[in-house]
Protein chains: 2
Amino acid sequence: MIKILVVDDEPQIARALRINLSAHGYEVATAPDGAQALRAAAALVPDLVVLDLGLPDMDGTEVIAGLRGWTSVPILVLSGRAASAEKIAALDAGADDYVTKPFDIGELLARVRAATRRGNAAGDSPVTEIGSATVDLATREVLRDGAEVRLTKTEWQLLEVLLRNPGKLVGQRELLHRVWGPNYDRETNYLRQYMAQLRRKLEPDPARPVHLLTEPGMGYRFRP
Amino acid sequence: MIKILVVDDEPQIARALRINLSAHGYEVATAPDGAQALRAAAALVPDLVVLDLGLPDMDGTEVIAGLRGWTSVPILVLSGRAASAEKIAALDAGADDYVTKPFDIGELLARVRAATRRGNAAGDSPVTEIGSATVDLATREVLRDGAEVRLTKTEWQLLEVLLRNPGKLVGQRELLHRVWGPNYDRETNYLRQYMAQLRRKLEPDPARPVHLLTEPGMGYRFRP
DNA sequence: ACCGAGTGATCAAGATCCTGGTCGTCGACG
DNA sequence: CGTCGACGACCAGGATCTTGATCACTCGGT
């Protein structure tokens, strides 16, 4: 079942979307503001986010950036503002589509189909092999030698950023920014702490990592 | 370079799109009707198709179906008709986005960026050849004769400045500014030190550099 | 042809920074 | 009240950066 997270502060619209989407076979969750949206997205790992830009607590692009930090889930933006600058800002922040209110529900559903179709067609298998461990980013499960390994929320966020950039070096500034937020740029000790935990849980020999590598002075890298 | 195929039977619009897109660094090809569009797509394998629905020879959805038969290239539909039924038909036929004319060129470019960003996510990175070594600035990797070469942070910064100005002379003042900051204008010995290290790690014969050249009294130059 | 100044290359240390590992505290949650 | 995860501090070992010294080369001037 395809999971959709609807983010809107107006109860009527949220309700209407929920009814229409679930009538077409989607599993729907809703969040009334940006903070709860980010939490819900982390908890549910939806297949699509429908995001209203007029949220009370955060700017729309901030929500998009918060999501894009750790997931490439399709984001479909709803907005009352039709100005091109608004659209460009949202799209460049990482949104996949932009629909202005009032919108035709049939068109919205078609755009939802287009966005979810892409996600499925992209077909990048969400499971990643790390030595003897298997990481499934979609279901948030780690199996190692048949046994399940538990990761905490922070560990997941850190691991996901690395796994979504296979082979690529991710700077420590960027990692801190994406996992802990913009105010933790200097706390590199967090990184060391959690990288060590991830290595203990995933690497065959945590003292000699093969997949979760350190690039001294620069950042970390996941090698498949 | 990202290749875009523009399909439009109106020469003015095709011309305007070509100019705008190539001004933003895309490689543009055009086709005036559906049949030629399908042939061009098969020959060029573009990274994005911008498709006007009002073609003389085929219905727009037929063109989309013809493309979708063998490729999952992103398709961005342009159309003068704003009716929801049209949009739904095009999107369900396999289009990724639908923009109604008249459109804002900035918005179109943003949607182009959004569409290509998705495809390029699993993309390839630009690599530079230095003798027998290959340098990948995106992933921060250097391979030499199949073996991996480790560069330190400062070595990367210095090398990146040179590689981003291929063939161009970069003054020592400028290099020092970019790598060490504004307060190191006179420390040219740093440059010598690290240039020597880079040559040792990258040049076939470090004593006789072929790609990382010294311009006495002025600066350094990377020759591809 | 000789010399000295200026510049660049190379070598060899200390100083400094970074990392990994460990420990202890705090707050949330059951 | 007990447990777990997040947070913060510390230390030792090692890699990196910085600095100084030495030598080779070029280029004017004598």
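All values below were derived from every heavy atom in this structure, side-chain atoms included, with hydrogens, water molecules and symmetry-related copies excluded. Model, not experiment: these values are computed from the prediction. Letters A, B, ... are given to chains in the order of the sequence lines, protein chains preceding strands, and every chain is numbered from 1.
Contact between the side-chain N/O atoms of A/Arg199 and the OP1/OP2 oxygens of C/dG21 is not found at any separation under 4.0 Å. The shortest distance between the side-chain N/O atoms of B/Thr152 and the OP1/OP2 oxygens of D/dA15 is not below 4.0 Å. Between D/dC17 and B/Trp180, no contact under 4.0 Å exists linking OP1 or OP2 to a side-chain N or O.
Atom P of nucleotide D/dT16 and atom CH2 of B/Trp156 are separated by 14 Å, given to the nearest angstrom. Computed from coordinates, the B/Glu155 CD to D/dT16 P distance equals 8 Å when rounded to whole Å. Taking atom CG of residue B/Leu198 and atom P of nucleotide D/dT16, one finds them 13 Å apart after rounding to whole Å. The OH-C1' distance, from B/Tyr194 to D/dT18, rounds to 7 Å in whole Å. Regarding B/Glu203, its CD atom lies at a distance of 12 Å from the P atom of C/dA9, rounded to whole Å. Atom CG in A/Leu191 sits roughly 13 Å away from atom P in C/dC18 (whole-Å rounding). Protein atom CG of A/Asn189 is 11 Å distant from nucleotide atom P of C/dT19, rounded to whole Å. When rounded to the nearest whole Å, the span between CD of A/Gln193 and C1' of C/dG20 equals 10 Å.
Within 3.5 Å, no donor on the side chain of B/Glu187 pairs with an acceptor on the base of D/dT18, nor the reverse.
Of the residues in residues 209-224 of chain A, those lying under 4.0 Å from DNA chain C by heavy-atom distance are A/Thr214, A/Pro216, A/Gly217, A/Tyr220.
Just one residue in the list B/Leu213, B/Leu158, B/Leu159, B/Thr214 forms a side chain to side chain contact (heavy atoms under 4.5 Å, CB included) with B/Met195, and that residue is B/Leu158. Checked against B/Leu76 for a side chain to side chain contact (heavy atoms under 4.5 Å, CB included), the options B/Leu51, B/Thr116, B/Leu108 give a single hit: B/Leu108.
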Evaluate side chain to side chain contact (heavy atoms under 4.5 Å, CB included) for A/Asp97 paired with A/Leu91, printing each intermediate quantity in order. CA-CA 7 Å; A/Asp97 205 343; A/Leu91 290 168; 5.7 Å; no
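Heavy atoms from other residues, nucleotides or ligands lying under 6.0 Å from NZ of A/Lys168 number 12 at most.
Side-chain contact of A/Arg68 with A/Thr61: a donor-acceptor pair under 3.5 Å is absent, judged by distance alone.
Distances from the side chain of A/Arg192 to the nucleotides C/dG20, D/dA9, C/dT10 place C/dG20 closest. Checked against C/dT10, C/dC23, D/dT16, the side chain of B/Thr154 finds its nearest nucleotide in D/dT16.
Between B/Tyr194 and B/Trp180, the ring center distance clears the sub-6.0 Å criterion.
A salt bridge links B/Arg140 and B/Glu160; the closest N-O separation between the charged side-chain nitrogens and carboxylate oxygens is under 4.0 Å.
Annotation: of the two residues near DNA chain C, A/Arg200 and A/Gln172, the 5′-most nearest-nucleotide partner is A/Gln172.
Within 4.0 Å of A/Arg208, counting heavy atoms only, lies no atom of the nucleic acid at all.
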